[in-house]
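See below for the structure under consideration.
Letters A, B, ... mirror the listed sequences (proteins, then strands); counts begin at 1.
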Protein chains: 2
Amino acid sequence: MAGSHTLAETERQVQTRLAGMELDFAAMAVTSNLFRAANAVRNHFERNVLSKADLSWTAFVVLWVTWIWEPIETRQIAAEGGFSKATLTGVLSTLESRGLVQRVKSDTDGRLVLVNLTKSGRKLMADLFPAFNKQEAQVSAMLTEEQRASLADMLRSMTAFTEATEE
Amino acid sequence: MAGSHTLAETERQVQTRLAGMELDFAAMAVTSNLFRAANAVRNHFERNVLSKADLSWTAFVVLWVTWIWEPIETRQIAAEGGFSKATLTGVLSTLESRGLVQRVKSDTDGRLVLVNLTKSGRKLMADLFPAFNKQEAQVSAMLTEEQRASLADMLRSMTAFTEATEE
DNA sequence: TGTAGATTATTCGCATCCAAACAATCGAGC
DNA sequence: GCTCGATTGTTTGGATGCGAATAATCTACA
């Protein structure tokens, strides 16, 4: 972890400070490392790839999901990206004002809004994504192919379980 | 993933739409599942545990780190928690206004600020943390002990690598 | 044909998040 | 003792993030 304390130091201190509590340290290690890794990787991507295009992580995800599935309904972008529709509305406003996406009302259902990339939005993604994918490879380069597959599977099952208990 | 598309569908569509690009799908799977899992787990915790105490994820992390290491310097909280000092200042203002923490200027270095929990901050953490840790156990219950250890190790090495390239 | 319940995207209010700029402080070096 | 570079925490401006409320729309049903 970025902080000055190693995990071992942290666990030792936790045992000192929280004596008497029955704690699941293996679970704590999973959760805290999940967030540290996600945070570190996100910051890395924002600084090394996305800042060139002046994009936040979420703006990038919206562009990417739209690039892959366009034309796509806004509710689907929000679901794929894992953020609220309120957040998406704001991010789409930002991207639309930069001319990267366009929003169109659905012909068939007046409640729905469809999103496309613009020409410049597509060009931006075509230029940016190879570098992004290269960084994706780099941040897990220390893992074997088997480890990567195993890691992705374990994360996927955590997500599936967690979201299942939300519904 | 929460979206309507499975990973297999997503990869197929990516290959269709991005034909001609050499992409590292294993790396993509790692990155996308890392964020989905982190996001899903964070939302789960905010809804099921932290909302009772009207705490955001980050507010909780600040309280937890302070609880374990207090008195602690603000720069150390930011480093342990993985967010900027600017963010920390705002979150500490919120927590201080709720009477959960207090900030004190250092005696020995006028630049530094030290943070403690208040009595009610400590009580809140003592009451909240067992439920939090129980949820930590739940979100990884589907994994064996060996898998949890392996997962934490792989995430830790990704974080270490990513942060090493920042310095 | 009209109504009611459900769904959609947007808005609002507030909290978080960060880079950059700033003021205060520290310590090394002269 | 003074200066300069570095460090700290705060402020600023702007973007994200969300729950709740809102208005518009859809569909099933009477």
Side-chain angles (χ1 to χ4, degrees), chain A residues 2 4 35 38-40 42-48 50-63 72-79 81-98 100-115 166, chain B residues 2 4 35 38-40 42-48 50-63 72-79 81-98 100-115 166:
Chain A
S4 51
F35 287 102
N39 215 47
R42 172 177 166 146
N43 289 338
H44 177 85
F45 277 40
E46 283 185 331
R47 286 202 204 95
N48 291 281
L50 302 182
S51 61
K52 290 185 186 109
D54 195 23
L55 288 174
S56 69
W57 175 264
T58 302
F60 176 81
V61 169
V62 172
L63 288 176
I72 181 169
E73 294 166 8
T74 51
R75 61 181 169 167
Q76 290 175 328
I77 302 176
F83 35 76
S84 76
K85 289 183 281 184
T87 297
L88 179 62
T89 298
V91 174
L92 281 177
S93 294
T94 300
L95 294 175
E96 196 170 41
S97 74
R98 288 178 53 187
L100 298 174
V101 299
Q102 73 188 87
R103 284 185 275 200
V104 181
K105 289 269 192 175
S106 170
D107 287 334
T108 57
D109 189 325
R111 292 171 294 176
L112 304 183
V113 168
L114 293 166
V115 186
E166 244 42 85
Chain B
S4 52
F35 288 103
N39 216 46
R42 170 179 167 144
N43 288 338
H44 177 85
F45 278 40
E46 282 184 333
R47 287 203 203 95
N48 291 279
L50 303 183
S51 60
K52 291 184 185 106
D54 195 25
L55 288 174
S56 69
W57 175 264
T58 302
F60 176 81
V61 169
V62 171
L63 288 176
I72 181 169
E73 294 166 7
T74 50
R75 61 184 169 165
Q76 289 175 329
I77 302 177
F83 35 74
S84 75
K85 291 183 282 182
T87 297
L88 180 61
T89 298
V91 173
L92 281 177
S93 293
T94 300
L95 294 174
E96 197 171 39
S97 74
R98 289 177 52 186
L100 298 174
V101 299
Q102 72 189 88
R103 285 185 274 200
V104 180
K105 289 271 193 170
S106 171
D107 288 337
T108 57
D109 189 326
R111 295 171 293 178
L112 303 181
V113 167
L114 293 166
V115 185
E166 244 44 80

Closest of dT8(D), dT16(D), dT11(C) to the T89(A) side chain is dT11(C)
For T94(B) and dT16(C), is the shortest distance between a side-chain N/O and OP1 or OP2 below 4.0 Å?
-> yes
Counting N and O atoms only, with roles assigned by atom type, does the side chain of N48(B) sit under 3.5 Å from a partner on the main chain of H44(B), one being a donor and the other an acceptor?
-> yes
Quickly work out the R47(A) CZ to dC18(C) P distance and round it to whole Å.
-> 9 Å
Looking at every strand, decide which applies to S84(A) at a 4.0 Å heavy-atom threshold: base, sugar-phosphate, or nothing.
-> base
Which nucleotide in the list dT16(D), dT10(D), dC18(D) gets nearest to the side chain of R103(B)?
-> dT10(D)
To the nearest Å, how far apart are L55(A) CG and dC17(C) P?
-> 20 Å
Against the side chain of F83(A), the closest entry in dT8(C), dT16(D), dC18(D) is dC18(D)
Find the distance Q76(B):CD to dT8(D):C1' and express it as a whole number of Å.
-> 13 Å
What is the minimum heavy-atom distance between F83(A) and N39(B), and which atoms define it?
-> N-ND2, 4.5 Å
For atom CZ of R42(A) and atom P of dA19(C), their distance in whole Å = 11 Å
Which whole-number value in Å describes the distance from W57(A) CH2 to dT16(C) C1'?
-> 19 Å
Spacing of D54(A) atom CG relative to dA20(C) atom P, expressed in whole Å | 11 Å
Which distance, rounded to the nearest 0.5 Å, do you find between the CD of E46(A) and the OG1 of T58(A)?
-> 7.5 Å
Between R103(A) and S93(A), a side-chain donor and acceptor under 3.5 Å | yes
Give T87(B) one of three labels, base, sugar-phosphate or nothing, depending on what nucleic acid heavy atoms sit under 4.0 Å from its own.
-> base
Find the distance L112(A):CG to dC26(D):P and express it as a whole number of Å.
-> 9 Å
L88(B) and R75(B), any side-chain heavy atoms less than 4.5 Å apart | no
Taking for each residue the nucleotide of DNA chain D with the nearest heavy atom, is it G110(A) or L88(B) whose nucleotide lies nearer the 5' end?
-> L88(B)
Select from T108(A) and N39(B) the residue whose nearest nucleotide in DNA chain D is closer to the 5' end of that strand.
-> N39(B)
Among dT16(C), dA20(C), dC18(D), the nucleotide that comes nearest once only the side chain of A86(B) is considered | dA20(C)
Among the nucleotides dT16(C), dT10(D), dT7(D), whichever has the atom closest to the side chain of K85(B) is dT10(D)
Can you tell me how far C1' of dT22(D) sits from CZ of R111(A), to the nearest Å?
-> 16 Å
